[in-house]
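Source: prediction; values computed, not measured.
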Number of protein chains: 2
Amino acid sequence: MKKILLLGAGRSSGALINYLLENANADNYILRVGDRSLEFANDKTRNHPKAQPFSFDVENIEQREKEISTADIIISLLPPALHILAAKDCLKFRKNLVTASYISPELLAMDDDVKNLGLLFLNECGLDPGIDHMSAVEIIHRLKQQGAEIKSFKSYTGGLVAPESNDNPWGYKFTWNPRNVIVAGQGTASYIKNGKYHYIPYNRLFSEITRIEIDGYGKYDGYANRDSLAYRNHYGIENIPTLIRGTLRNEGYCSAWQVFVTLGITDDTFDVADVENLTYSQFVEAFIPASVFGTTLEERIARLCNIDPDGPAMEKIRFTGILDDKKIGLKKATPAQILQHLLEQKWVLKANDKDMIVMQHQFEFSVEGHAKILSSSLVVKGDDTVQTAMAKTVGLPLGIASRLILNGTIQVSGVHIPVLEGIYKPILKELMKMGIRFVEVEKNNG
Amino acid sequence: MKKILLLGAGRSSGALINYLLENANADNYILRVGDRSLEFANDKTRNHPKAQPFSFDVENIEQREKEISTADIIISLLPPALHILAAKDCLKFRKNLVTASYISPELLAMDDDVKNLGLLFLNECGLDPGIDHMSAVEIIHRLKQQGAEIKSFKSYTGGLVAPESNDNPWGYKFTWNPRNVIVAGQGTASYIKNGKYHYIPYNRLFSEITRIEIDGYGKYDGYANRDSLAYRNHYGIENIPTLIRGTLRNEGYCSAWQVFVTLGITDDTFDVADVENLTYSQFVEAFIPASVFGTTLEERIARLCNIDPDGPAMEKIRFTGILDDKKIGLKKATPAQILQHLLEQKWVLKANDKDMIVMQHQFEFSVEGHAKILSSSLVVKGDDTVQTAMAKTVGLPLGIASRLILNGTIQVSGVHIPVLEGIYKPILKELMKMGIRFVEVEKNNG
């Protein structure tokens, strides 16, 4: 019997483990699930006869080597910086590896060795990165086969709350690593539009938004991701005049978040002084210059950030509790950690809440002299707070890829992301069976 | 005969080398000057009979150990990250060490070992950090001895161009590492005022300025330094209600620099795409959102940054040449590198130009029931483009400290900054002899 080794059984592993266990009998494998917390591994595998949960310490070389050397394929859900430990052992013991994380330069440097051994280290095989790559490249390859000239590619993804569970003014609840939401966008975003490069510094990122409409789900705010330009190479569209990638949030989220950015309270690089004794309102007050007049904190924020003191952005700010005279209750924290601590109490996915993943690709192209527009949209809702849309869309591509590598359907070697037909085609096919399918609408342009 | 070993003979070493050579006969030492460039070392020592210039490679362990083991004291002007190499050898061979750089955590960790061997590693002994520490703490100790209660300490320092050499609209020319000027202030500035903490994020740093007047020299803009709060411990004024440290620039500099910050072109973390083919104006245009209207680039900048298109800030921007249709001429560069490349052509200290260092400490205190204000100001002008005020005020404290350690006047052991009376008192005394003296004005407050 074959053996799949899953390293890490945290937040996003539930859907992946379920999928792999459901197919364990048919494919005749056992699933070993190792986590620092044996409890996590036990909880997720629920005494399934094909599951072997165990306590795993990635720093324990002996254990790591024993586990990897006796497995047939390894899925790493370890923190991104630790994948390299698994990767080195996979090389040593000649095992395939699958992750949902961005390829690190260190991992990419292994490409020749991995190729020479006929192995596959498949990365960026979750949602974003992951499904975004596969679904976009599938269309790009199809359009190219039709002889189309692609003029514009815009792609937006958001991990949101489903409309029926949307009961807070932000339209947002945490479904993945909260820290990543708090520090999102720091740096400078870059994209290309009509052949011209565009840059948006963090200080203006959430005020320069694009309105995106998803049929049947309404309008969303899209803010630009940091790294759109790199995707020209990844997707083989080096000379495309327009390429923008962005993140979706509910309407109004971005203009309220811009207030936090302008205040400066998303900074994660220094510890706030005397945080033990501060209230949230005192913390915010410390970021407002004395020269900004106003009798209330709300008035001063409104004046500093140039928003309506009675408008929807201020309503969102007020909802967070950050204007309250309530002790923060942390001993040591950066501004970003304070904000996260607060929002983790407010942006909670409740027992009956459902999350929702939205992804939309927009293409402009011309074929045989005809200008066309193609939009391809994906909406996935979660079942509950464990089988979230986020867990499904991150976990299923990982699980599917692992099965397809194990059963020989995917036969590629090297260090890769899923942009080769031999990789994305069978994965997308299986994802469709699992209900993860894009809806395409093609129109004439103008 | 004793031997002083100077490691590094770059930009700021001229005044230091001159000072040490002038005193070499009286104190009976020779000065060995090692630099990666033998030419630099030769140029600066000009065949002085007490000077021994040599080619020095800090990574050459054998050479480094030989030099350090045979010297009596080591002055390191190496890049800050390399001090630790010299420090380790100083510990091994039991030698004293002097630097003008901030103490690194690695260096501070050597404190016990240094103390046990009766050695002194004296750091932050240049201008800022250096003279700022010594002059401030001298007053703080004096006020404390008078039984004064210090309520407020504000301190501003600027490396500027002398009024007679000020022939550009910024009132600024480079006299030290240009990169540090371009990326100055990135992060969040923190200070305390009337017992309340204040934070200024980088996106607003250059718009929240304080006007500082220096008698006989006019008004300057002061913007807040990152790290004011740490100085409460450094200076033994843990409970002071107001402590602000800042940097001085000529009037109007900051509001013009704020335009670069708002545009986003001081970012040093990503490479601008296709920079080879860009003109400066195209580079700037890429940072302006399409939603900002205006028939000219100047109009669009003015609208985005909320400045007068015909005002003094725009005059400064225009002067830099960044609005010109001229090729940048770099192959690979971050926005900050492009800006530096441009300003290095514009902010040049010309042959007959003089630079000027300005430092001002402002104290508010009460003694025997009387509220008082004390200001202490230093103005130092350069002699020429080599014996700059910057080179003198960085180099002389280093040179003086080294002589005083060598001749036993300073007898302190451990890893230190110059805030102990036994260190700062004799150095300040010698600095006065060299014309580096503060002017104090004390008044009743209100």
- Is there a side-chain contact between B:Leu263 and B:Leu304 (heavy atoms, below 4.5 Å)? yes
- Item | Sub-4.5 Å side-chain heavy-atom contact between B:Ile338 and B:Phe283 | yes
- Which answer fits A:Ile265, side chain, backbone, both or neither, if we ask what part of it has an atom under 4.5 Å from a heavy atom of chain B? neither
- Query: How far apart are the C-alpha atoms of A:Ile288 and A:Leu297, what are their side-chain angles, what is the distance that settles it, and do they pass the side chain to side chain contact (heavy atoms under 4.5 Å, CB included) test?
  - Reply: CA-CA 9 Å; A:Ile288 302 176; A:Leu297 177 56; 3.5 Å; yes
- Given B:Ile140 and B:Ile150, is the side chain to side chain contact (heavy atoms under 4.5 Å, CB included) satisfied, shown in steps? CA-CA 8 Å; B:Ile140 290 166; B:Ile150 305 173; 4.0 Å; yes
- Query: Checking A:Phe287 against chain B: side chain, backbone, both or neither under 4.5 Å from a heavy atom?
  - Reply: both
- Message: Between B:Ile200 and chain A, with a heavy-atom cut-off of 4.5 Å, which part of the residue counts as in contact: side chain, backbone, both or neither?
- Response: neither
- Roughly how far, to the nearest 0.5 Å, is CG of A:Leu342 from CD1 of A:Ile328? 8.5 Å
- Message: With heavy-atom distances below 4.5 Å as the criterion, would you say the side chains of A:Ile182 and A:Phe260 are in contact?
- Response: no
- Query: What option among A:Ala286, A:Pro335, A:Gly264 has the most heavy-atom pairs under 4.5 Å with chain B?
  - Reply: A:Ala286
What are the atom names and distances for all donor-acceptor pairs below 3.5 Å between chain A and chain B?
residue	atom	partner	partner atom	Å
A:Thr188	OG1	B:Asp267	OD2	2.5
A:Tyr199	N	B:Ala286	O	2.8
A:Tyr199	OH	B:Ala273	N	2.9
A:Asn203	ND2	B:Val261	O	3.3
A:Arg204	NE	B:Thr262	O	2.9
A:Arg204	NH1	B:Phe287	O	3.1
A:Arg204	NH2	B:Thr262	O	3.2
A:Arg204	NH2	B:Leu263	O	2.7
A:Arg204	NH2	B:Phe287	O	2.8
A:Val261	O	B:Asn203	ND2	3.3
A:Thr262	O	B:Arg204	NE	2.9
A:Thr262	O	B:Arg204	NH2	3.2
A:Leu263	O	B:Arg204	NH2	2.7
A:Asp267	OD2	B:Thr188	OG1	2.6
A:Ala273	N	B:Tyr199	OH	2.9
A:Ala286	O	B:Tyr199	N	2.8
A:Phe287	O	B:Arg204	NH1	3.1
A:Phe287	O	B:Arg204	NH2	2.8

- Side-chain contact, heavy-atom cut-off 4.5 Å: B:Val292 with B:Pro289? yes
- Task: Compare all side-chain heavy atoms of B:Leu323 with those of B:Ile317 and state whether any distance is below 4.5 angstrom.
- Result: yes
- Item | Contacting moiety of B:Ile192, where chain A heavy atoms sit under 4.5 Å | neither
